[in-house]
Amino acid sequence: MSEETPFERATEPVHQILALAAEEALNRSEKSSDTIHILRAMPKFEGTIAEVALRVNNVSESAIGLDHESRKSEDITLEELSLRCIEEGKLLGHSNPGTEHLLLAIVCTPGCRGARLLRNLEGHDMREALCQSVITILGNDWSDWREKHLDVL
């Protein structure tokens, strides 16, 4: 039996976001994409839960930027992000990681560049608002979900 690769069970929009993030990194002559590239790709996929959550919280691709201070440090690997994405899906009772799980995984992983950027995006910590938007869109109980994530928000 072969070992599952990162994001193997993810939805098609997640694969498209990852491909666009990798393309942006390549165009900038960077070795690989990171969580900031992924965050920047999300608003381009209209109608996905991640895009809606970002839009209603006024988090645009231009606001995310690529020259942020958080880029000076290491980021988590795609494998680590994939595992966190799957974990977020399981907490919500979902088996195939979607854009909502990808956004939650970035926001709720304190050591990743994307979370550090969102912690101080244009002077505001956007992490909790983004999580609340995702959980509300999904129709889940915000207080229950937040209780399980107090250590990272």
Side-chain angles (χ1 to χ4, degrees), residues 1-122 124-135 137-138 145 149 152-153:
M1 185 172 185
S2 64
E3 192 173 308
E4 198 171 292
T5 59
F7 294 103
E8 187 173 302
R9 293 183 299 144
T11 62
E12 187 57 31
V14 169
H15 288 285
Q16 292 171 338
I17 287 168
L18 294 172
L20 187 59
E23 183 180 316
E24 182 172 322
L26 184 64
N27 290 341
R28 293 178 57 85
S29 300
E30 296 174 359
K31 290 186 280 187
S32 62
S33 60
D34 62 21
T35 54
I36 293 176
H37 291 110
I38 294 168
L39 279 173
R40 284 179 49 85
M42 287 179 174
K44 295 177 180 169
F45 293 88
E46 289 185 25
T48 62
I49 293 174
E51 181 273 329
V52 172
L54 290 164
R55 181 170 26 92
V56 301
N57 287 285
N58 297 312
V59 178
S60 65
E61 177 186 357
S62 60
I64 295 166
L66 277 172
D67 300 319
H68 192 272
E69 279 294 306
S70 62
R71 292 190 55 79
K72 292 181 181 177
S73 58
E74 288 295 312
D75 202 2
I76 62 172
T77 66
L78 276 181
E79 185 174 347
E80 291 169 310
L81 183 59
S82 173
L83 292 172
R84 184 62 190 239
C85 190
I86 291 166
E87 181 181 318
E88 290 298 334
K90 285 180 181 176
L91 286 171
L92 294 166
H94 304 158
S95 57
N96 292 29
T99 64
E100 61 274 27
H101 310 110
L102 183 58
L103 181 56
L104 290 173
I106 291 171
V107 171
C108 296
T109 305
C112 81
R113 289 178 180 161
R116 287 192 299 271
L117 180 143
L118 292 169
R119 190 177 304 126
N120 188 24
L121 187 66
E122 298 181 347
H124 304 310
D125 187 341
M126 299 303 301
R127 296 171 304 149
E128 188 166 333
L130 287 168
C131 291
Q132 186 170 9
S133 293
V134 168
I135 299 306
I137 291 166
L138 291 171
W145 187 90
H149 290 78
V152 293
L153 290 178

(message) Do Glu88 and His94 pair up side chain to side chain, a donor and an acceptor below 3.5 Å, judged on atom types alone?
(response) no
(message) Quick one, Leu92 with Trp145, criterion side chain to side chain contact (heavy atoms under 4.5 Å, CB included). Give me CA distance, side-chain angles, the key distance, then yes/no.
(response) CA-CA 9 Å; Leu92 294 166; Trp145 187 90; 3.9 Å; yes
(message) Quick one, Ser33 with Leu18, criterion side chain to side chain contact (heavy atoms under 4.5 Å, CB included). Give me CA distance, side-chain angles, the key distance, then yes/no.
(response) CA-CA 8 Å; Ser33 60; Leu18 294 172; 5.9 Å; no
(message) Donor-acceptor pair, distance only, cut-off 3.5 Å: does the side chain of Asp34 make one with the backbone of Ile36?
(response) yes
(message) Any non-hydrogen side-chain atom of Phe7 less than 4.5 Å from a side-chain atom of Leu81?
(response) yes
(request) Kindly compute the distance separating CG (Leu39) from CD1 (Ile64), expressed to the nearest 0.5 Å. (result) 5.0 Å
(request) Work out which heavy atom in Pro13 is nearest to a heavy atom in Thr48; give both atom names and the distance. (result) CB-CG2, 4.0 Å
(message) Quick check on Glu12: does its CD atom have over 12 non-hydrogen neighbours (other residues, nucleotides or ligands) under 6.0 Å away?
(response) yes
(message) I need the Ile86 CD1 to Leu91 CG distance, nearest 0.5 Å.
(response) 12.5 Å
(message) With heavy-atom distances below 4.5 Å as the criterion, would you say the side chains of Arg40 and His37 are in contact?
(response) no
(message) If you define the side chain from C-beta out and look only at heavy atoms, does anything of Thr35 sit under 4.5 Å from Thr109?
(response) no
(message) Under the rule for side chain to side chain contact (heavy atoms under 4.5 Å, CB included), what residues qualify as partners of Thr77, not counting sequence neighbours?
(response) Glu79, Glu80
(message) I want to check something: taking the side chain as every heavy atom from C-beta on, are Phe45 and Val14 in contact at a cut-off of under 4.5 Å?
(response) no
(message) Check this for me: His15, atom NE2, are more than 12 non-hydrogen atoms of other residues, nucleotides or ligands nearer than 6.0 Å?
(response) yes
(message) Exactly one of Leu78, Leu20, Thr99 should register a side-chain contact (heavy atoms from CB on, under 4.5 Å) with Ile38. Which one does?
(response) Leu78
(message) Quick check for you: to the nearest 0.5 Å, what is the distance between Glu74 atom CD and Cys112 atom SG?
(response) 13.0 Å
(message) The criterion is side chain to side chain contact (heavy atoms under 4.5 Å, CB included); which residues satisfy it with Glu128, sequence neighbours excluded?
(response) Trp142, Arg146, Leu153
(message) Within the supplied structure, the quantity of interest is the number of heavy atoms (other residues, nucleotides, ligands) at a distance under 6.0 Å from Lys90 NZ; does it exceed 12?
(response) no
(request) Return the set of residues passing side chain to side chain contact (heavy atoms under 4.5 Å, CB included) with Asn58 (not counting sequence neighbours), or none when no residue passes. (result) none
(message) To the closest 0.5 Å, what do you measure between CG (Leu54) and NZ (Lys44)?
(response) 12.5 Å
(request) Taking all non-hydrogen atoms of both residues into account, name the closest pair between Ala21 and Ala41 and its distance. (result) N-CB, 4.2 Å
(message) Nearest 0.5 Å, please: how far is CD in Glu100 from SG in Cys85?
(response) 8.5 Å
(message) When you compare the side chain of Ile76 with that of Ile106, does any pair of heavy atoms fall below 4.5 Å?
(response) no
(request) Take Ser133 and Asn57 through the test side chain to side chain contact (heavy atoms under 4.5 Å, CB included) and record every step on the way to the result. (result) CA-CA 8 Å; Ser133 293; Asn57 287 285; 2.8 Å; yes
(request) Taking atom types as modelled, find out whether Thr11 and Asn96 have a side-chain donor-acceptor pair closer than 3.5 angstrom. (result) no
(request) Answer yes or no: is there an ion pair linking Arg55 with Glu51, defined by an N-O contact shorter than 4.0 Å? (result) yes
(message) As an exercise, state the distance from OG of Ser60 to CE of Met42, rounded to the nearest 0.5 Å.
(response) 14.5 Å
(message) Quick one: does any side-chain atom of His124 pair with a main-chain N or O of Asn120 as donor and acceptor, under 3.5 Å?
(response) no
(request) Find out whether His101 and Arg84 are in side-chain contact, i.e. whether some heavy atom of one side chain is under 4.5 Å from a heavy atom of the other. (result) no
(request) Taking only Lys NZ, Arg NE, NH1 and NH2, and the carboxylate oxygens of Asp or Glu, determine whether Asp125 and Arg119 approach each other closer than 4.0 Å. (result) no
(message) Do Val152 and Val107 make a side-chain contact, defined as non-hydrogen atoms from C-beta onward lying under 4.5 Å apart?
(response) no
